[in-house]
J.: 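One structure, as structure tokens, below. Some questions next.
Note that these values count all heavy atoms, side chains included, but never hydrogens, waters or copies made by symmetry.
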Amino acid sequence: IVLLDCTLRDGGYYNNWDFPKNLISKYLKSMAASGVEFAEIGFRSLETKTFKGACAYSRDSFIKNLQIPSNLKIGVMINASELLNYKTKNPIKNIKLLFKNKKSKVKLVRIACHYFEIEKTLPVSIWLKKRGFKIAFNIMQIADRTDKEIEHLGKICSSYPIDVLYFADSMGSLETNKIKKIVLLLKKFWRGELGIHTHDNMDMALINTQVAVDNGVTWADSTVTGMGRGPGNSKTEYLVIKYQNQINRKVNILPLLELIKNEFEPLQKKYKWGTNPFYFLAGMHGIHPTFIQGMLNDLRFSSLDILSAIEHLKSVGGKTFNKNLLDTDKKMYSGKCEGKWSPKNKIFNKEVLILGTGP
């Protein structure tokens with residue numbers, strides 16, 4: 001079993017990928033000690049429209065200044081949507097923008113794709129392989145795909161130099177029988193290694209990972225304390241304990257437990273990741289977990305509001321996150337205003353005090 005920890009990448013959805021450098025240093029040491037083989041340090045992104053921390057870009061200049069243990073390999077994730085839509089909309093030209101340094105410490109490049117993006121993005125794997133990278137393709141929202149579509153994915157990916165074919169339970173909605181079926185469908189044509197990335201909406205992330213491994217999956221994703229978008233992921237500390245005899249690496253879990261106590265428990269109290277009834281409902285109805293995360297962190301939404309929103313998203317379709325669906329306040333005062341009262345006449349040339357809640 002190959003354990004891949006993606007805390008700094010998936011967990012970044014809570015803190016804008018802005019992790020303190022001393023935390024990253026402790027994290028890397030604890031991963032190496034725990035038997036984790038790959039640490040996905042973050043995204044490698046082309047988009048710079050808003051502020052994000054270093055782990056949103058994972059530049060070589062950032063990585064080379066980290067103290068990386070010799071027995072730990074570094075990975076980065078790229079969104080296929082960026083490769084296909086950034087400026088020239090040419091994935092080969094865009095991948096070249098992301099990997100200009102020939103002496104990169106990155107060993108694994110993982111491309112996250114929706115079904116309709118995969119065929120257009122696959123040629124990128126040839127360019128990356130020539131430069132010595134290990135390559136993984138990560139199929140998102142696989143629960144929505146038909147049997148024939150899943151077979152087709154295994155078939156087309158087998159024609160490219162991909163090392164690991166991942167599938168993600170993006171909505172946390174997959175059940176164990178579906179996991180088994182997906183593995184069998186992919187294996188019909190795919191002969192390489194398989195990986196799984198689970199979400200914990202319905203408290204099934206660990207169980208689904210176990211079922212996948214029992215059926216032939218050899219790469220397993222996880223995050224420290226499950227820190228990840230929405231309810232989070234399989235917990236690294238649990239997978240290390242469970243598979244310590246199957247990973248062919250020395251395991252010392254003490255640094256990881258100290259990291260959890262000193263660094264991640266305070267973060268979890270602050271950001272409150274983890275499953276709850278709202279995430280469970282979202283998982284049941286295939287609603288993107290970021291909707292729930294956004295509402296839980298927004299004081300405008302009461303429990304009743306969140307339940308009502310879930311009912312609405314069930315009917316309009318909430319598989320793809322759209323921030324505008326949460327911005328109800330912006331729609332409340334839109335359009336032409338009616339009435340004669342003009343605040344300008346009351347406050348012109350006067351001191352005005354504006355009161356707002358929050359920090």
J.: Is it true that E311 and K314 make a salt bridge, defined as a side-chain N closer than 4.0 Å to a carboxylate O?
T.: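 Looking at K314 together with E311, the answer is yes, because their closest N to O distance falls below 4.0 Å.
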J.: Quick check: do I68 and I74 have side-chain heavy atoms less than 4.5 Å from each other?
T.: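 A side-chain contact under 4.5 Å exists here.
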J.: Out of curiosity, I111 CD1 to M77 CE, how far, rounded to the nearest 0.5 Å?
T.: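 These two atoms lie 9.0 Å from each other.
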J.: Test S308 against D305 for side chain to side chain donor-acceptor pair (under 3.5 Å), laying out the working first.
T.: CA-CA 5 Å; S308 299; D305 293 329; 5.5 Å; no
J.: If we ignore angles and hydrogens, is there a donor and acceptor under 3.5 Å between the side chains of N233 and H197?
T.: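 Their side chains do contain a donor-acceptor pair, which is all the 3.5 Å distance test asks for.
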J.: Kindly indicate whether the side chain of L307, heavy atoms from C-beta on, has any atom under 4.5 Å from the side chain of F278.
T.: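 In short, these two side chains touch, coming nearer than 4.5 Å.
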J.: How long is the gap from CG on D5 to OH on Y27, to the nearest 0.5 Å?
T.: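 Between D5 CG and Y27 OH, I get 3.5 Å after rounding to 0.5 Å.
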J.: With rounding to the nearest 0.5 Å, note down the distance linking CD1 in I310 to CZ in F291.
T.: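 The CD1 atom of I310 sits 11.0 Å away from the CZ atom of F291.
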J.: Side-chain contact test, heavy atoms from C-beta onward, threshold under 4.5 Å: evaluate it for R249 versus N71 and give yes or no.
T.: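 A side-chain contact exists here, since the closest heavy-atom pair is under 4.5 Å.
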J.: Any chance you could lay out the side chain to side chain donor-acceptor pair (under 3.5 Å) test for E119 and H152, step after step, and finish with the verdict?
T.: CA-CA 10 Å; E119 287 195 64; H152 177 65; 3.2 Å; yes
J.: Give a yes or no answer on whether the side chain of E237 reaches the backbone of L256 with a donor-acceptor pair at less than 3.5 Å.
T.: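 Flag not set: sc E237 to bb L256 has no pair under 3.5 Å.
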J.: Are any non-hydrogen side-chain atoms of K64 and R59 less than 4.5 angstrom apart?
T.: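 No - every pair of side-chain heavy atoms lies 4.5 Å or more apart.
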J.: My understanding is that only one of D10, T7, T236 makes a side-chain hydrogen bond (donor to acceptor under 3.5 Å, both in side chains) with S222; could you say which?
T.: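 Running side-chain hydrogen bond (donor to acceptor under 3.5 Å, both in side chains) over D10, T7, T236 with S222 returns exactly one hit, T236.
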J.: State the NZ-NZ distance between K89 and K120, to the nearest 0.5 angstrom.
T.: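 Spacing of NZ (K89) from NZ (K120) equals 10.0 Å.
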J.: Please check if the distance between the ring centroids of W219 and F38 is under 6.0 Å.
T.: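 Under 6.0 Å, so yes.
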J.: Run the salt bridge (charged side-chain N to carboxylate O under 4.0 Å, His left out) check on R110 and D221 step by step: do they pass?
T.: CA-CA 12 Å; R110 182 155 61 150; D221 274 19; 2.8 Å; yes
J.: Are the side chains of P289 and P231 in touch, meaning some heavy atoms are under 4.5 Å apart?
T.: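 They are in contact (side-chain heavy atoms under 4.5 Å apart), so the answer is yes.
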J.: If we ignore hydrogens and angles and just use 3.5 Å, is the side chain of N65 paired with the main-chain N or O of S61 as donor and acceptor?
T.: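 Flag set: sc N65 to bb S61 pair under 3.5 Å.
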J.: May I ask you to decide if H114's main-chain N or O and E117's side chain share a donor-acceptor pair within less than 3.5 Å?
T.: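 The answer is yes, because a donor-acceptor pair under 3.5 Å joins these two groups.
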J.: Do D169 and I142 come within less than 4.5 Å of each other through their side chains, counting heavy atoms only?
T.: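 Counting from C-beta outward, D169 and I142 never come under 4.5 Å.
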J.: Within the structure provided, determine whether I126 and P161 are in side-chain contact (heavy-atom separation under 4.5 Å).
T.: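 They are in contact (side-chain heavy atoms under 4.5 Å apart), so the answer is yes.
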J.: Do other residues, nucleotides or ligands put more than 12 heavy atoms under 6.0 Å from K155 NZ?
T.: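 Counting other residues, nucleotides and ligands, NZ of K155 stays at 12 neighbours or fewer.
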J.: Consider only side-chain N and O atoms of S30 and E258, and report whether a donor and an acceptor are under 3.5 Å apart.
T.: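 Judged by distance alone, the side chains do not pair up.
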J.: Measuring centre to centre across the rings, with the benzene-like ring taken for any Trp, is Y160 within less than 6.0 Å of F137?
T.: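 No, the ring centres sit 6.0 Å or more apart.
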J.: Could you measure the distance from the CD1 atom of I95 to the CZ atom of F133? Nearest 0.5 Å is fine.
T.: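 Between atom CD1 of I95 and atom CZ of F133 there are 8.5 Å.
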J.: Rounded to the nearest 0.5 Å, what separation is found between the CG atom of L83 and the CG atom of N90?
T.: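 Those atoms lie 10.0 Å apart.
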J.: If you measure only the distance, is there a donor-acceptor pair under 3.5 Å linking the side chains of D203 and Y279?
T.: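 The criterion, which ignores hydrogens and geometry beyond distance, is not satisfied for Y279 and D203.
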J.: Name the orientation class of the two ring planes belonging to F264 and W273 (parallel below 30°, tilted from 30 to 60°, perpendicular beyond 60°).
T.: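 Perpendicular: the ring planes of F264 and W273 meet at over 60°.
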J.: As a quick check of understanding, evaluate side chain to side chain donor-acceptor pair (under 3.5 Å) for Q141 and S170, giving each step before the final call.
T.: CA-CA 5 Å; Q141 298 187 3; S170 304; 5.2 Å; no
J.: I'd like to know whether D60 forms a side chain to side chain donor-acceptor pair (under 3.5 Å) with S104, so could you lay out the CA-CA distance, the side-chain angles of the two residues, the decisive distance to 0.1 Å, and finally the verdict.
T.: CA-CA 6 Å; D60 288 315; S104 176; 2.7 Å; yes
J.: Hey, are Y14 and N297 close enough side-chain-wise for a donor-acceptor pair under 3.5 Å?
T.: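 Their side chains do not contain a donor-acceptor pair, so the 3.5 Å distance test is not met.
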